[in-house]
Amino acid sequence: MIVVERIAELRDRCETARRAGETVGLVPTMGFFHEGHRSLMRAARANHDFVVTTIFVNPLQFGENEDLAAYPRDLVADTAAAEADGVDVLFVPSVPEMYPEPTVTTVHVAGLTDGLCGASRPTHFDGVTTVVAKLFSIVGPSTSYFGRKDFQQLVVVRRMAADLDLPVQVVGCPLVREPDGVAMSSRNAYLSDDERGRATGIFASLRAAAAVVGDGERDPERVRAAVGTEAARHGLELEYAEVRRAADLAPLATVDGEVVVAVAAAVGKARLIDNVTMQIAGAEVSTDLGVIQIAEQESTS
Ligand code: AMP
């Protein structure tokens with residue numbers, strides 16, 4: 001594995017791979033790897049000749065009072081993990097390398113970015129789509145891998161690629177959870193033991209949503225209420241709990257078809273997000289809560 005800091009070098013290496021007939025898979029990240037990130041790298045490795053992972057804590061996607069400066073970093077551990085997962089190039093640009101001049105050009109995906117996380121983070125998704133568009137342009141991947149944990153991000157990036165005819169397939173990979181159900185996140189590093197315990201209430205609130213829908217509830221407001229009640233039982237105040245159509249995050253009159261229940265909650269200093277998707281056809285409900293990491297695997301990873 002090669003660690004690259006310069007855009008020109010990354011572009012050259014990807015160009016060389018493509019010229020040799022290799023397919024390029026891309027995994028954009030902000031680093032501080034856990035099994036969620038690693039599952040994306042392994043998916044890319046399984047499907048491509050040439051795998052690029054990027055680590056860039058992108059200032060453009062952080063709001064003024066957010067955790068940009070505190071965001072956890074560990075390049076030594078990340079390098080070892082990426083190498084172990086078969087990454088060919090790890091791209092770790094500096095901020096001036098990515099943004100040598102103040103950014104006056106941004107990519108904005110309208111509508112999809114207004115609600116859910118966009119409501120409290122109004123500039124966040126423009127930062128994400130702008131940096132992802134740059135990475136697509138530099139790397140030229142045939143496929144880019146994103147986690148379903150950041151469900152709105154996945155929908156937004158997919159729509160950007162479609163609207164701009166970017167020649168890249170956007171693949172959503174399963175949400176990976178800790179053995180107790182807490183969604184893996186670099187931001188879990190901010191949690192005290194007590195907060196970490198309360199964070200399990202987020203998963204419990206999503207399971208409550210799945211349970212009421214499984215029992216036949218089709219009113220989005222009642223599903224939201226079930227989520228809120230369970231969260232409160234764990235001492236959590238949710239920033240939002242929304243029931244939306246999974247394909248385009250449209251509000252629903254009835255819980256039917258492919259649906260996402262998405263939540264955000266502040267737990268101590270950490271703002272955590274999570275979701276469950278359900279496929280509903282009549283009385284049939286199939287629920288996707290992601291993948292729970294078994295403890296043994298975790299300790300050997
Ligand atoms: P981040 O470093 O948080 O920007 O995340 C980089 C990529 O990893 C994004 O596509 C995330 O959706 C994905 N990711 C983060 N956490 C998880 C998780 N628990 N399960 C699956 N994918 C994840």
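Values below: all heavy atoms of this structure, side chains included; hydrogens, waters and symmetry mates excluded. In this text, all values refer to a predicted model and were calculated from it rather than measured experimentally. Both counts, for ligands and for their atoms, begin at 1 and track the order of listing. The residues of the chain are indexed from 1 along the displayed sequence.
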So which atom in T129 and which in M160 form the shortest heavy-atom distance, rounded to 0.1 Å?
O-SD, 3.5 Å
Could you tell me whether D88 and R13 make a salt bridge, using a distance below 4.0 angstrom between a side-chain N and a carboxylate O?
no
Could you tell me, atom by atom, which parts of ligand 1 come under 4.0 Å of a heavy atom of M184?
16 (N), 17 (C), 18 (C), 19 (N)
Identify the closest protein heavy atom to atom 8 (O) of ligand 1: which residue and atom is it, and at what distance?
L40 CD1, 3.3 Å
How far is atom 10 (O) of ligand 1 from its nearest protein heavy atom, and which residue and atom is that?
G147 N, 2.9 Å
Decide, yes or no, whether a salt bridge links R245 with E258 under the criterion of side-chain N to carboxylate O below 4.0 Å.
no
At what distance, to the nearest 0.5 angstrom, does OG1 of T79 lie from CG of L90?
5.5 Å
Which ligand 1 atoms are under 4.0 Å away from a heavy-atom of T29?
2 (O), 6 (C)
Nearest heavy-atom contact between V276 and D288 is CG2-O, 3.5 Å
Side chain, backbone, both or neither: which part of P28 comes within less than 4.0 Å of ligand 1 when only heavy atoms are counted?
backbone
May I ask you to identify the nearest protein heavy atom to atom 16 (N) of ligand 1, giving residue, atom name and distance to one decimal place in Å?
H34 CE1, 3.2 Å
of all protein heavy atoms, closest to atom 20 (N) of ligand 1 is V176 N, 2.8 Å
Close N or O approach (H37, ligand 1; < 3.5 Å)
yes
Can you list the ligand 1 atoms lying under 4.0 Å from a non-hydrogen atom of L175?
20 (N), 21 (C)
Side chain or backbone of K149 under 4.0 Å from ligand 1, or both, or neither, by non-hydrogen atoms?
side chain
Flag S39 as yes when one of its N or O atoms lies below 3.5 Å from any N or O atom of ligand 1, and as no otherwise.
no
Is a side-chain donor-acceptor pair under 3.5 Å present for T23 with H48?
yes
Can you check salt bridge (charged side-chain N to carboxylate O under 4.0 Å, His left out) on D180 and R196, steps first, answer last?
CA-CA 10 Å; D180 63 1; R196 183 68 183 66; 2.8 Å; yes
Starting from atom 11 (C) of ligand 1, find the nearest protein heavy-atom neighbour and note its residue, name and distance.
D150 OD1, 3.1 Å
Quick one: do the E239 and S120 side chains pair a donor with an acceptor below 3.5 Å?
yes
Relative to ligand 1, is P174 under 4.0 angstrom through side chain, backbone, both or neither, heavy atoms considered?
backbone
Atom indices of ligand 1, in the order listed, that fall short of 4.0 Å to a heavy atom of F146
10 (O)
Which atoms of ligand 1 are found less than 4.0 Å from any heavy atom of G36?
17 (C), 18 (C), 20 (N), 21 (C), 22 (N)
Heavy atoms only: give me the nearest T130-V107 pair and the separation to one decimal.
OG1-N, 2.9 Å
Using heavy-atom distances, let me know which of E178, R177, Q153 sits nearest atom 9 (C) of ligand 1.
Q153
Considering the options R177, K149, R187, R148, which one meets the salt bridge (Lys or Arg N to Asp or Glu O under 4.0 Å) requirement together with D274?
R177
Contact between R187 and ligand 1, counting heavy atoms under 4.0 Å?
no
Going by side chain to side chain contact (heavy atoms under 4.5 Å, CB included), V139 matches just one of V52, V89, I7. Which one?
V52
For C173 and ligand 1, does the shortest N/O to N/O distance drop below 3.5 Å?
no
I want to check a possible cation-pi pair here: R73 against Y71, using under 6.0 Å from ring centre and within 45° of the ring axis as the test.
no
Which is closest to atom 3 (O) of ligand 1 by heavy-atom distance: F33, F32, Y71?
Y71
Close approach, G290 and ligand 1, non-hydrogen under 4.0 angstrom:
no
